[in-house]
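Order of appearance sets the numbers: ligands from 1, and atoms from 1 within every ligand. The model shown is predicted, which means the values in this text are computed figures rather than measured ones.
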Amino acid sequence: MFHKRLFIPGPVEVRPENLLAMGTPQIGHRSKDFQDLYADVNAKLKKFLHTEQYVFLSTSSSSGVMEGGMRNLIKKKVLATTCGAFSERWYKMAGENGRPGDQLKVEWGKGIRPEMVDEKLKTGEYCSVAVVMNETSTGVMNPVKEIAEVVKKYDDVLLMVDAVSGMAGVDVDVDGWGLDLCLAGLQKCFGLPAGLAVFTVSERAIKRAEQVPNRGFYFDFLQYLKYHQKNQTPSTPSIPHIFALNSQMTDILAEGPARFERHAKMAKLVQDWAAKNFAMFAEKGFESKTVTCITNTTGISVADLNSALAKHKCQISNGYGDLKEKTFRIAHMADTQEWEIRGLLSLIDSILKK
Ligand SMILES: *Cc1c(COP(=O)(O)O)cnc(C)c1O
């Protein structure tokens, strides 16, 4: 009953009604019932993500679809923008899969500026650009809309976006911005357990995949498309996740724009608290709306703080990798409410005062 309330950037707290939806009795993945379920959740996702393009469901964590992006969409060379652990991982995936790529690297804590991307694309060397919208390791949110404006100037350059920890916390306008691949897992702002990823693929991206050999089997976008046309997935999906996603999407659409305002308000609360008591790790103007990375300017023990929080059934996140103890992170995503964030911050205040 009294489980630990997670304020970490995934997995996040899942509402009981969504946990219950996961317990819906199974249906066959080639049945009419499944096709109806698939069509239903697909329509909701298309509306939510403002897209008329394809929305596919992958039974994997987000990393699977990230790797799929690198396998399906690179014909020439990818420009991977990197500003932290997850974007660097995506760059690495290109190389591991034998896809040529260059890194457009900025220091951790800094954001990717559209002009930097423009400068690189001018060389004409690249066929794809990879951007992590919300770099969860540093709490930096990149201006995807503005970067997309730049990419649009170049014919035949595809834009791939890892929106893993941003989608469903900030409004993502897939068609309006012009994203060719946009992906996210369920355990971040969707507020569901890990195990399923949602991704949009443009018609242009499908055309590209058709020209790329060696796409692999499990994440072959053309296989996704083939089964999508029958309202199915290529292999047996995690049906419990799809039941829960369908239910959660109804609630997300009902919440409407208030969902994004709620995330913005929670972010502001944590950012103000961080600036007052510590310092923000993300550079000004690039602060994430879904997770705040705080520089540990007063040298507290983050591990001890988390042990103390555990006694109150709460958990925050230490810094990522080398940033451990130098920073710590508070996630404010999914169905978290403002009052919970206020409660958490005053709890931390009271622990640190002792
Ligand atoms: C969590 C996260 C990932 C990896 O997700 P997995 O579900 O662990 O595969 C990738 N990118 C970003 C930005 C993330 O926050």
Item to complete: Check whether NZ of the Lys or CZ of the Arg Arg5 lies under 6.0 Å from the centre of the six-membered ring of Phe7 and within 45 degrees of that ring's axis.
Response: yes

message = Salt bridge or not between Asp173 and Lys145? Use side-chain N to carboxylate O under 4.0 Å.
response = no

- prompt: Taking distance alone, with no angle check, do Arg89 and ligand 1 share an N/O pair under 3.5 Å?
  reply: no

- Item | Any Met133 heavy atom less than 4.0 Å to ligand 1 | no

Numbered in order shown, the ligand 1 atoms found under 4.0 Å of a heavy atom of Val132 are 13 (C)

Which of Ser63, Ser62, Cys189, Pro9 passes side-chain contact (heavy atoms from CB on, under 4.5 Å) with Val164? Answer is Ser62

_Lys324 atom NZ, over 12 foreign heavy atoms within 6.0 Å_ = no

The atoms of ligand 1 lying under 4.0 Å from a heavy atom of Met66, numbered in the order shown, are 10 (C)

Strictly under 6.0 Å, is that where the ring centroids of Phe221 and Tyr54 end up? no

Looking only at protein heavy atoms, what sits closest to atom 11 (N) of ligand 1 is Asp162 OD2, 2.7 Å

Across all chains, not counting sequence neighbours, the salt bridge (Lys or Arg N to Asp or Glu O under 4.0 Å) partners of Lys230 are none

Counting from 1 in the order shown, the ligand 1 atoms closer than 4.0 Å to a non-hydrogen atom of Ser62 are 5 (O), 6 (P), 7 (O), 9 (O)

At under 4.0 Å between heavy atoms, what of Glu135 touches ligand 1? The answer is neither

The atoms of ligand 1 lying under 4.0 Å from a heavy atom of Asn134, numbered in the order shown, are 13 (C)

Here's one to test your reading of the geometry: is the NZ or CZ of Lys76 within 45 degrees of the ring axis of Tyr154 and under 6.0 Å from its centre?
no

Numbered in order shown, the ligand 1 atoms found under 4.0 Å of a heavy atom of Thr136 are 12 (C), 13 (C), 14 (C), 15 (O)

With nothing but distance in play, are any N or O atoms of Ser61 less than 3.5 Å from an N or O of ligand 1? yes

For Ser63, the ligand 1 atoms with a heavy-atom partner under 4.0 Å come out as 4 (C), 6 (P), 9 (O)

Exactly one of Gln187, Lys188, Met141, Met133 clears side-chain contact (heavy atoms from CB on, under 4.5 Å) with Ser165, and that residue is Lys188

- Query: Would you call the rings of Tyr320 and Trp108 parallel, tilted or perpendicular if under 30° counts as parallel and over 60° as perpendicular?
  - Reply: tilted

Residue, atom and distance of the protein heavy atom nearest atom 14 (C) of ligand 1 read Lys188 NZ, 3.0 Å

min-distance protein heavy atom vs atom 7 (O) of ligand 1 -> Gln187 NE2, 2.7 Å

